[in-house]
Amino acid sequence: MDTFFLSHGSPTLSIDDNIPARHFFKSWVPAKVAGDQPPRAILVVSGHWDTATPEVNVIRGSNDTIYDFYGFPKPMYKLKYPAPGAPDLALRTKGLLEQAGFGPVKEDHSRGLDHGAWVPLMLMYPDADIPVCQLSVQSDRDGAYHYSLGRALAPLREEGVLVLGSGSATHNLRKMGPFDAPVPQWAAEFDAWLKDSLLDGRYEDVNRFEEKAPHGRVAHPWPDHFYPPHVALGAAGDGAKAEQIHQCWTNATLSYASYRFTTKS
C-alpha cells in the first residue's frame, strides 16, 4: 500500500463543515484515495504522542477516544471512535523497529487514540471497523532519525497495513489568526518549500528542514507535528514518489497540506 502524510489541523475538523479538509477526508473511501480495498489494519504515527523512546499501544478490544484538547465546543467531547485495537500490528511494528536497532520499544496497554488519529479517521473510515494502533514520535531526535524509523516499517505495506503520518505541514499555534485570515508570508513560503522538496524528491532536504527550509523554526517551533511525514516517507521505501493530495488553510497559519507516497514498483 501507499503511505500518507495527513495534516489534521484543528480538532474542530471533527465537527466544522466550513473546513475544506473535512470534505477531503470524507471523500477518502469514495475517491479510493488509498486504493480499492480497505486496509487490513492502520498504523498511525501522530504528533500528539511524543515519548523519549518508541512506544506502541497494544490494545485488545476497542480503542478509547482521547480528548487531548481544551476549551472546544462540548459536542466534541461526546464524539467516539471505538475502532478495534490492532495488537498483532503493534507487536509486529515493535519487532521491526527492534530488529532495525530502534529498541527497546515499549508497549502501552491502556492508551487509546489521540485526536491526531481519531479525528481524521472518523471522517475517512466512519464505520470504525478497521483495527488501529499508534506509534509515538521522539521530538528530541531529528528528521533523519524518523525517516530511518519509517524505513524499518516498509514491510508493513506488503502486509495490507495503511501507514499514516498525522501531523501538520505548519504548526505554530501562537501565530494563529481568525478562521479566514490571510496566510502570512512565512507560512506560505515554508508550505511551498515543503511541496517543492517532496515533489522534486529532495528528501534529504526535508530531513534537514530546520537548516534547509525557509522559516523552518517559525513553522515548527517544536517539531513533533513534522516528524510524522518523515516516518510515512521512510516507510514508502527507496525511490518513493510524493504527490500532494490536498491543500487548504484556516486560521492564517494552519496548513492542511497532505501527501501520498507511492512506492517505486
Side-chain angles (χ1 to χ4, degrees), residues 4-26 44-50 65-79 81 113-124 136-137 139-140 143 146 164-198 206 209-232 244-259:
F4 295 85
F5 166 51
L6 310 176
S7 288
H8 63 251
S10 169
T12 54
L13 178 71
S14 60
I15 62 170
D16 189 351
D17 273 330
N18 292 317
I19 300 176
R22 178 176 166 88
H23 305 285
F24 160 68
F25 287 121
K26 291 180 75 171
V44 181
V45 183
S46 167
H48 289 280
W49 193 13
D50 188 356
T65 304
I66 302 174
Y67 306 104
D68 51 341
F69 43 77
Y70 306 95
F72 286 89
K74 289 183 179 179
M76 292 173 55
Y77 299 91
K78 297 180 180 180
L79 296 172
Y81 191 75
L113 302 178
D114 61 54
H115 82 264
W118 69 260
V119 169
L121 287 177
M122 69 174 286
L123 304 173
M124 297 159 64
S136 65
V137 297
S139 61
D140 60 343
H146 286 86
L164 301 176
S166 180
S168 289
T170 56
H171 194 254
N172 189 328
L173 302 185
R174 293 184 177 183
K175 294 186 177 293
M176 288 174 59
F179 181 84
D180 57 355
V183 179
Q185 183 176 355
W186 66 262
E189 290 182 357
F190 180 89
D191 196 69
W193 171 87
L194 175 61
K195 179 180 178 180
D196 291 343
S197 298
L198 288 175
V206 178
F209 75 96
E210 290 178 325
E211 59 183 275
K212 292 290 187 178
H215 319 292
R217 293 187 183 275
V218 181
H220 293 279
W222 194 249
D224 49 3
H225 273 59
F226 200 58
Y227 286 154
H230 292 83
V231 179
Q244 188 177 71
I245 54 177
H246 183 70
Q247 172 61 63
C248 71
W249 294 85
T250 67
N251 303 94
T253 65
L254 279 183
S255 168
Y256 287 82
S258 296
Y259 293 87

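- Separating the CG atom in D140 from the CG atom in D224 is a distance of 11.5 Å, to the nearest 0.5 Å.
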Checklist line | Worked verdict on V206 versus L198 for side-chain contact (heavy atoms from CB on, under 4.5 Å) | finding: CA-CA 7 Å; V206 178; L198 288 175; 4.0 Å; yes
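- Checked against a 6.0 Å centroid threshold, the rings of H230 and H146 do not count as neighbours.
- In this structure, F72 CZ and Y67 OH are separated by 14.5 Å, a value rounded to the nearest 0.5 Å.
- Using a 4.5 Å heavy-atom cutoff, the side chains of M76 and P11 are in contact.
- Less than 6.0 angstrom separates the ring centroid of F190 from the ring centroid of H220.
- Each of F5, F24, Y256 was scored for a ring-ring contact (aromatic ring centres under 6.0 Å, His included) with H246, with one residue passing: F24.
- Here the closest non-hydrogen pair linking I66 and W118 is O-NE1, 2.8 Å.
- Of all the heavy atoms in A21 and C248, the pair that sits closest is N-SG, 3.6 Å.
- A heavy-atom distance below 4.5 Å is found between the side chains of V218 and N172.
- Side chains of T253 and W186 form a contact here, defined as non-hydrogen atoms less than 4.5 Å apart.
- Residues M122 and F25 are not in side-chain contact: their nearest non-hydrogen atoms beyond the backbone lie 4.5 Å or more apart.
- Between the side chain of T65 and the backbone N or O of Y81, at least one donor-acceptor pair lies under 3.5 Å.
- Annotation for S168 and G9: closest pair OG-N, 3.9 Å, computed over non-hydrogen atoms.
- The CD atom of Q247 sits 8.0 Å away from atom OG of S7, with the distance rounded to the nearest 0.5 Å.
- Applying the 6.0 Å contact sphere to CD of Q185 captures no more than 12 heavy atoms from other residues, nucleotides or ligands.
- In plain terms, the two heavy atoms of G116 and S46 that are nearest each other are CA-OG, 3.7 Å.
- Here the closest non-hydrogen pair linking A252 and P182 is CB-O, 3.5 Å.
- In this structure the side chain of L121 reaches within 4.5 angstrom of the side chain of V44, judged on heavy atoms.
- D16 is not listed as a side-chain neighbour of T250, based on a closest heavy-atom distance of 4.5 Å or more.
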Margin query: Working note: L13 + L123, criterion side-chain contact (heavy atoms from CB on, under 4.5 Å); need CA distance, chi angles, decisive distance, verdict.
Written below: CA-CA 9 Å; L13 178 71; L123 304 173; 3.9 Å; yes
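- The two residues G71 and Y77 have their closest heavy-atom pair at N-OH, 3.3 Å.
- Remark: the backbone N or O of H115 is paired with a side-chain donor or acceptor of D68 at under 3.5 angstrom.
- Counting only distance, with no hydrogens or angles, the side chain of R22 and the backbone of S14 share a donor-acceptor pair below 3.5 Å.
- S10 OG to I15 CD1: the interatomic distance, rounded to the nearest 0.5 Å, is 8.5 Å.
- The shortest distance between side-chain heavy atoms of F209 and P223 falls below 4.5 Å.
- Atom NE2 of H225 and atom OG1 of T170 lie 10.5 Å apart (nearest 0.5 Å).
- One finds the NE2 atom of H8 at 9.0 Å from the CG atom of L254 (value rounded to the nearest 0.5 Å).
- The aromatic rings of H171 and H48 sit perpendicular, their planes meeting at an angle over 60°, well past the 30° parallel limit.
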